[in-house]
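Values in this document were obtained by computation on a predicted structure and should not be read as measured data.
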Amino acid sequence: LARAAEPAPPSSVSPFALPLLPLAGPRASLVGRRWAAVLADESRCMANGAAAIIAAAVFLAAGGGSTGAQQSPIASCGARPSSDCVPDVGSCGNACCAGEYTLSAEPAEVYDRILHYLKDGGIDGLFRVTIAKCVHCTSGGLKALHAPGGWESSIQGVHTTWRHLYNDTLNFAIRPRDRGGSIVRAFSISNLAGSLFDMGQNARNLKVVANGANLGEMRIVFGCGAPPSWPTSEN
């Protein structure tokens, strides 16, 4: 007996989806359910993709949160390799870089340098400040309440890589030195889950800010591609 042919799939469905077979009865119902699952998966993917495109468009339209420099690839390791791009591998669970700077300038001046650099967008127009309002200030920035160690203020920012739009969070904590001047603790970490390898972007982030804010040379505290960043079995 001739079996009823299954109707052709909708034209909007991906050509890579499962093909329908000319079946009737229970097997036809099973195929129909598989088509429904494929359509549902594709709808979710399209919605997620559209949301990502909209978010990227909003970010770019806002100038990446910066108010100054035109956006460029100059500070993104994936687009412009540099000797400052020292890869880190999972030092903080994700890739990260932490360091310290010693300056003769007082904390208030150092705070202003870092804040203005981030607010102006940095050398590539892709840096920004997450919180610019000063709360519980002493010499500027966000005061670390009840924190030992003499930390007076902190600044948090974000750097977004060119085109791929990967975000790294940057934190800067500032305290005075006993004999005048300042200590800056700087930290950069990859935001995307599973970013164990950063192509050197976190080290590059701190180097770029240090150059722009005139912080001097950094002493590595942790990560930044230094041991034990790479697994000891590979050393």
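In this structure, V86 is not a member of the same hydrophobic cluster as V209, with clusters built from ILVMFWY side-chain heavy atoms closer than 4.5 Å. Both I220 and V208 belong to a common hydrophobic cluster when Ile, Leu, Val, Met, Phe, Trp and Tyr are linked at side-chain heavy-atom distances under 4.5 angstrom. Y117 and F187 end up in different hydrophobic clusters when Ile, Leu, Val, Met, Phe, Trp and Tyr side chains are linked at under 4.5 Å. I123 and L215 fall within a single hydrophobic cluster, where Ile, Leu, Val, Met, Phe, Trp and Tyr are joined by side-chain heavy atoms under 4.5 Å apart, directly or via other members. Note on M199: it does not cluster hydrophobically with V158, by side-chain heavy-atom contacts below 4.5 Å among ILVMFWY residues.
Taking each heavy atom of C96 and S91 in turn, the nearest pair found is SG-CB, 3.8 Å. Minimum interatomic distance between F197 and P87 (heavy atoms only, all atoms of both residues): CE1-CB, 3.4 Å. When all heavy atoms of S72 and L126 are compared, the closest pair comes out as O-CD1, 3.7 Å. Nearest approach of R113 to A213, heavy atoms of both residues: CD-O, 3.0 Å. Nearest approach of C97 to L206, heavy atoms of both residues: O-CD1, 3.6 Å. Closest approach of F127 and G122 over heavy atoms only: CD1-CA, 3.9 Å.
Note that the CD1 atom of I74 and the CH2 atom of W162 stand 11.5 Å from one another [nearest 0.5 Å]. To the nearest 0.5 Å, atom CG of residue N211 and atom CG of residue D84 are 7.0 Å apart. Distance check: D112 CG to E106 CD gives 12.5 Å after rounding to the nearest 0.5 Å. The distance from atom OG1 of T169 to atom CG of N205, rounded to the nearest 0.5 Å, is 10.0 Å. Rounded to the nearest 0.5 angstrom, R219 CZ and I183 CD1 are separated by 8.0 Å. Taking CD of Q71 as the start and OG of S76 as the end, the distance is 10.0 Å to the nearest 0.5 Å.
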Subject >> Test log, rule side-chain contact (heavy atoms from CB on, under 4.5 Å), inputs R204 and S82 >> reply: CA-CA 8 Å; R204 177 70 168 151; S82 165; 3.8 Å; yes

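For the pair S182 and Y111, the minimum side-chain heavy-atom distance is 4.5 Å or more. The side-chain heavy atoms of T160 and R128, taken from C-beta on, include a pair separated by under 4.5 Å. In this structure, the side chains of D88 and N202 stay at 4.5 Å or more apart for every pair of heavy atoms. Between R163 and P73 there is no side-chain heavy-atom pair separated by less than 4.5 Å.
Side chain of E217 to backbone of T102: no donor-acceptor contact under 3.5 angstrom is found. At least one donor-acceptor pair closer than 3.5 Å links the side chain of N94 to the backbone N or O of S195.
The salt bridge (charged side-chain N to carboxylate O under 4.0 Å, His left out) contacts involving residues 166-185 comprise E100-R185, where partners must be two or more places apart or lie in separate chains.
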